[in-house]
Amino acid sequence: MLLLLGPTDVGKSTLALRLLEKAGEAYLLDLDPGQGALPGAFTLFRYREGHLAPLRRHLLGALSPMGVEARAVVGALRLARRIPPGSPAVADTDGLLHPEFRLLQAEALSPTEILVLGAEALHRALAWRKDLRVRLAPPLPGARRKTPAERRRNRLERLLAHFKEARPRVLPLEGKGDTERLYGLLDEEGFLLGYGRLLAWEAGEGLFLTPASGEVAKVVPTRIPSPFTRPPLPPPGDGA
């Protein structure tokens, strides 16, 4: 496995896709809960013939691993264990540069190589470990920095796309409901089936709008704001 590290907007995701295309058939471990495929979650994909197919998802329940570091490390490891031994794989991460967390992540995943893009300080913080193969590379040419508004818009679009095929389901609900946050619907192995939007609740049950069709073993509240209750986003070009 190749582990890609570095700040935001240095081309990690673009490089990951290029490497997958070169491999032909490989696995992508999407470990970016803020700008990845599904906000608030990690996803393991299989890449084949130009197509990414999601295999399993891990609920982080937050847009950054900060504050939920243990959940992030364990979730990444559980997904990585689903990759067949010897298969080419790339792990794409978020822009967090915290060296202690990245070292824990590297120790859990045991990548064959770590490539740090555009972060000399992070490279120095990892390169002293002689049991890790760490290389430093410049940002990918053409990488463009996104504004905070663009990031929020990207997350909103991904969440709305996630709910495109949503249907109402009645599921067990512990405690008082919260219609302003999304809920993670987990299968019996603890993997994420999908998010649920709480519409109403009563007597230990909730009515959820969700695209998840599998058997739900547990419903977990997250820190992810519901895309249906957030205020409108600023127009394009607004960097606020």
Query raised in the report: Do Arg181 and Thr222 have side-chain atoms, one donor and one acceptor, less than 3.5 Å apart?
Result: no
**Report entry** Residue pair Tyr27, Leu55: steps toward the side-chain contact (heavy atoms from CB on, under 4.5 Å) verdict
**Finding:** CA-CA 10 Å; Tyr27 291 83; Leu55 300 179; 3.6 Å; yes
Query raised in the report: Okay, side chain of Asp30, backbone of Ala37: is any donor-acceptor separation there less than 3.5 Å?
Result: yes
Report task. Using a 4.5 Å cut-off on heavy atoms from C-beta on, say whether the side chain of Glu174 contacts that of Val219. Result -> no
Requested in this report: Would you kindly confirm whether Leu19 and Leu17 end up in one hydrophobic cluster when ILVMFWY residues are joined by side chain heavy atoms under 4.5 Å apart?
Outcome: yes
Query raised in the report: Can you find a heavy atom in the side chain of Leu63 that is under 4.5 Å from one in the side chain of Arg155?
Result: yes
Query raised in the report: Under a single-linkage definition using a 4.5 Å side-chain heavy-atom cutoff for Ile, Leu, Val, Met, Phe, Trp and Tyr, are Leu44 and Phe191 assigned to the same hydrophobic cluster?
Result: yes
**Report entry** Rounded distance [0.5 Å steps], CG in Leu31 versus CG in Leu79
**Finding:** 7.5 Å
Report task. Taking all non-hydrogen atoms of both residues into account, name the closest pair between Arg223 and Val68 and its distance. Result -> NH2-CG1, 3.8 Å
Query raised in the report: Within a reach of under 6.0 Å around CD of Glu189, are more than 12 heavy atoms found that belong to other residues, nucleotides or ligands?
Result: yes
Query raised in the report: Are any side-chain N or O atoms of Arg197 and backbone N or O atoms of Leu209, one a donor and one an acceptor, separated by less than 3.5 Å?
Result: no
Query raised in the report: Taking side chain as C-beta onward, heavy atoms only, is Leu186 less than 4.5 Å from Val216?
Result: no
Requested in this report: Could you tell me whether a side-chain N or O of Thr179 sits under 3.5 Å from a main-chain N or O of Leu199, the two making a donor and an acceptor?
Outcome: no
Query raised in the report: Rounded to the nearest 0.5 Å, how far apart are NZ of Lys12 and CD of Gln35?
Result: 10.5 Å
Query raised in the report: Any salt bridge between Arg151 and Asp9, counting N to O under 4.0 Å?
Result: yes
Query raised in the report: Is the number of heavy atoms from other residues, nucleotides or ligands within 6.0 Å of CZ (Arg81) greater than 12?
Result: no
Query raised in the report: Does Leu5 belong to the same Ile/Leu/Val/Met/Phe/Trp/Tyr cluster as Leu20, with side-chain heavy atoms less than 4.5 Å apart forming each link?
Result: no
Report task. Could you tell me whether the side chain of Leu193 reaches within less than 4.5 Å of the side chain of Arg57, counting heavy atoms only? Result -> no
Query raised in the report: Can you tell me how far the CG atom of Leu159 sits from the CD atom of Glu157, to the nearest 0.5 Å?
Result: 10.5 Å
Report summary line: Separation between CD (Glu113) and CZ (Arg135), nearest 0.5 Å, reads 4.0 Å
Name each donor-acceptor pair under 3.5 Å that joins a side chain in residues 86-102 to protein atoms two or more places apart or in another chain, with its distance.
| residue | atom | partner | partner atom | Å |
| --- | --- | --- | --- | --- |
| Ser87 | OG | Pro84 | O | 3.0 |
| Asp92 | OD2 | Ser13 | OG | 2.6 |
| Thr93 | OG1 | Leu4 | O | 2.6 |
| Asp94 | OD1 | Arg102 | NH2 | 2.8 |
| Asp94 | OD2 | Leu96 | N | 3.2 |
| His98 | ND1 | Glu100 | N | 3.3 |
| His98 | ND1 | Phe101 | N | 3.4 |
| Arg102 | NE | Leu96 | O | 2.9 |
| Arg102 | NH1 | Gln105 | OE1 | 2.8 |
| Arg102 | NH2 | Asp94 | O | 3.2 |
| Arg102 | NH2 | Leu96 | O | 3.1 |

**Report entry** Joint hydrophobic cluster, Phe42 plus Leu77, side-chain heavy atoms closer than 4.5 Å
**Finding:** no
